Peer 1: 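Below is a structure I'd like to ask you about.
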2 protein chains.
Amino acid sequence: MIHILLVEDQALVRQGLKMMIEQDEQLQVIAEAEHGLEALQKMEKHMIDLVIMDIRMPVMNGLEATRKIKEQWPNVKILILTTFNDDEYAVQALKDGANGFLLKTAEQQKLIQAIYSCMRGGMAIHEDVAAKMLPRLLEKSKQAPTTNIPLTPRELAITKLVGEGKTNKEIAAVLHLSVGTVKNHITQILQKLDLRDRTQLAIYAVKHDITS
Amino acid sequence: MIHILLVEDQALVRQGLKMMIEQDEQLQVIAEAEHGLEALQKMEKHMIDLVIMDIRMPVMNGLEATRKIKEQWPNVKILILTTFNDDEYAVQALKDGANGFLLKTAEQQKLIQAIYSCMRGGMAIHEDVAAKMLPRLLEKSKQAPTTNIPLTPRELAITKLVGEGKTNKEIAAVLHLSVGTVKNHITQILQKLDLRDRTQLAIYAVKHDITS
DNA sequence: GAAAAACTGTGACTTGAGTCATTTTCGTAA
DNA sequence: TTACGAAAATGACTCAAGTCACAGTTTTTC
């Protein structure tokens, strides 16, 4: 038997969900809340396995509630209820520890499926939500096309070490060079990349993922 | 009429795909290739709208081919053919510009759907593939839970500017402080975070996404 | 085989960065 | 009310970093 907490401010939607969920005899809604704060209170009173959480709510929204619940009860699964327009929230929700997404327009069959897949440790994400989220996630991890970095292999190696926060002395030791040579290379690198000092170079290295 | 290039080394799979695709009268496979290199050659000879690309192939794999095709023909759509075990490649493929993923086990209805959604500019990603990829993507953009960064607001502001590569003088100007004060704060910050110099601090700032 | 680019090194010089001691002000929590 | 941490500042000191000029060696490229 899976014990579920329903968090959703609109009573009608909540009722509908409850009925759909309890069509499956292994699933039971043993608590309901109208906003995040109430959800936290219910969590303390009941043994909850899974929370179904709306994002837009008064008092405390779903993101904050998700974060706080995951802090105190890391093993509880959380499914986010979402609409097509919530995609910027969705990414944040995932970072906060959500285990999946339900479109409000989903039919009950998908709903039940999502609950079980999420309880099994998987991640339940509706196809359309994923399609919207992925490009957003990629933007951040992309901006480094590794193209046209006009550095020689030696310069790259030094850039990498600068990006790890090493001093010239340490770099010299690792590469078996003199400190003076390292300095010369760095002068060269800064000129090529139009940077001012090793700090800007380190930032460059991290952002362009020069870590090989 | 949508012109399609099929890239897949196994002739049987290729034949099957072709038949499934051409069930739809708007879709036509006008070229086929057994590996990435051949695909590039075919691209030059035909006007292609969409490429369906396997990942594991001899001579030149699907990732490299995707990258090269997107470089020369940025408007061509590319759908990656994948299995459940390819998820580490999948992320890379997306970064290289792929427009979607097809599971090799998908039925023809899903296949056709994916092609159209991809041509409309959307991203076609099978639910199960997305579920596997998202956690992987999140790991990279996550590691900064913004928690326990024991810095005061002032220190945070300075850390942020260091992370932008600013000098103490510039930071002092922005925050209306003396250079000495900035130095003092930085000494304090370095001690708190157990770092050695502003370069390591800048790296810390970038990695923890302190950019507010 | 010659030219170009990459790699290595030295020494001298300038300056930004970081540490330390010490002081003052301000708000807030015990 | 007191005590404390955050914030701001000054001055003096040390040193790593960066620039510059010059030079030798090796590797790549045409």
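All values derive from a computational prediction rather than experimental measurement. Residue numbering restarts at 1 for every chain, and letters A, B, ... go by the order of the sequence lines.
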Peer 1: Measure the distance from CG on A:Leu175 to P on C:dA6 and round it to the nearest whole Å.
Peer 2: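 Rounding to the nearest Å, CG of A:Leu175 and P of C:dA6 are 17 Å apart.
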Peer 1: Taking only the side-chain nitrogens and oxygens of A:Thr181, find out if one of them lies under 4.0 Å from OP1 or OP2 of C:dT10.
Peer 2: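 Indeed not, no polar side-chain atom of A:Thr181 lies that close.
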Peer 1: Is it true that B:Arg196 and A:Glu170 make a salt bridge, defined as a side-chain N closer than 4.0 Å to a carboxylate O?
Peer 2: yes
Peer 1: What is the distance, rounded to the nearest whole Å, between atom CG of A:Leu156 and atom C1' of C:dC7?
Peer 2: 15 Å
Peer 1: Rounded to whole Å, please give me the gap between CG in A:Leu161 and C1' in D:dA17.
Peer 2: 16 Å
Peer 1: Could you tell me whether the phosphate oxygens of C:dC7, OP1 or OP2, come under 4.0 Å of any side-chain nitrogen or oxygen in A:Thr152?
Peer 2: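 Indeed, a polar side-chain atom of A:Thr152 lies that close.
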Peer 1: Is any side-chain heavy atom of B:Tyr204 closer than 4.5 Å to one of B:Leu193?
Peer 2: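 A side-chain contact exists here, since the closest heavy-atom pair is under 4.5 Å.
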Peer 1: Could you write nucleotides 18-25 of chain D as a row of B, S and -, 5' to 3', where a protein heavy atom under 4.0 Å of any base atom gives B, of only sugar-phosphate atoms gives S, and otherwise -?
Peer 2: BBBB----
Peer 1: Would you indicate what A:Thr167 reaches in the nucleic acid, counting non-hydrogen atoms under 4.0 angstrom: base, sugar-phosphate, or nothing?
Peer 2: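 Sugar-phosphate, no base atom in range.
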Peer 1: Please report the distance, rounded to the nearest Å, between CG in B:Leu177 and C1' in D:dA6.
Peer 2: 13 Å
Peer 1: Strictly distance-based, threshold 3.5 Å: is any side-chain N or O of A:Glu164 a donor or acceptor partner for the main-chain N or O of A:Leu161?
Peer 2: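 Judged by distance alone, no pair lies under 3.5 Å.
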Peer 1: Enter the inter-axis angle for the ends of the helix from C:dG1-D:dC30 to C:dA30-D:dT1 (five pairs per end, rounded to 10°).
Peer 2: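 Answer rounded to 10°: the end axes differ by 60°.
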Peer 1: Report the residue from B:Ile186, B:Asn184, B:Val179 that forms a side chain to side chain contact (heavy atoms under 4.5 Å, CB included) with B:Val182.
Peer 2: B:Ile186
Peer 1: For A:Ile171 and D:dA16, give me the distance from atom CD1 to atom C1', rounded to whole Å.
Peer 2: 12 Å
Peer 1: Expressed in angstrom and rounded to an integer, what is the separation of B:Arg154 atom CZ from D:dG5 atom C1'?
Peer 2: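 For the pair B:Arg154 CZ and D:dG5 C1', the rounded distance is 16 Å.
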Peer 1: Report yes or no: do A:Asn99 and A:Lys70 form a side-chain donor-acceptor pair below 3.5 Å?
Peer 2: yes
Peer 1: Are any of the side-chain nitrogens in A:Arg14 or A:Glu32 under 4.0 Å away from the carboxylate oxygens of its partner?
Peer 2: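 Answer for the salt bridge query: yes.
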Peer 1: At 4.0 Å (heavy atoms only), tell me whether B:His185 reaches a base, stays on the sugar-phosphate, or touches nothing.
Peer 2: sugar-phosphate
Peer 1: Between C:dC7 atom P and A:Ile158 atom CD1, what is the distance in whole Å?
Peer 2: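 Result: 9 Å.
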Peer 1: Under 6.0 Å from the CE atom of B:Met1, do we count more than 12 heavy atoms belonging to anything else shown?
Peer 2: yes
Peer 1: Could you tell me whether A:Arg67 and A:Glu71 have a side-chain N and a carboxylate O separated by less than 4.0 Å?
Peer 2: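 Result for this pair is no, no salt bridge flagged.
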Peer 1: Given A:Val29, which partner from the list A:Leu17, A:Ile2, A:Leu6 fulfils the side chain to side chain contact (heavy atoms under 4.5 Å, CB included) test?
Peer 2: A:Leu6
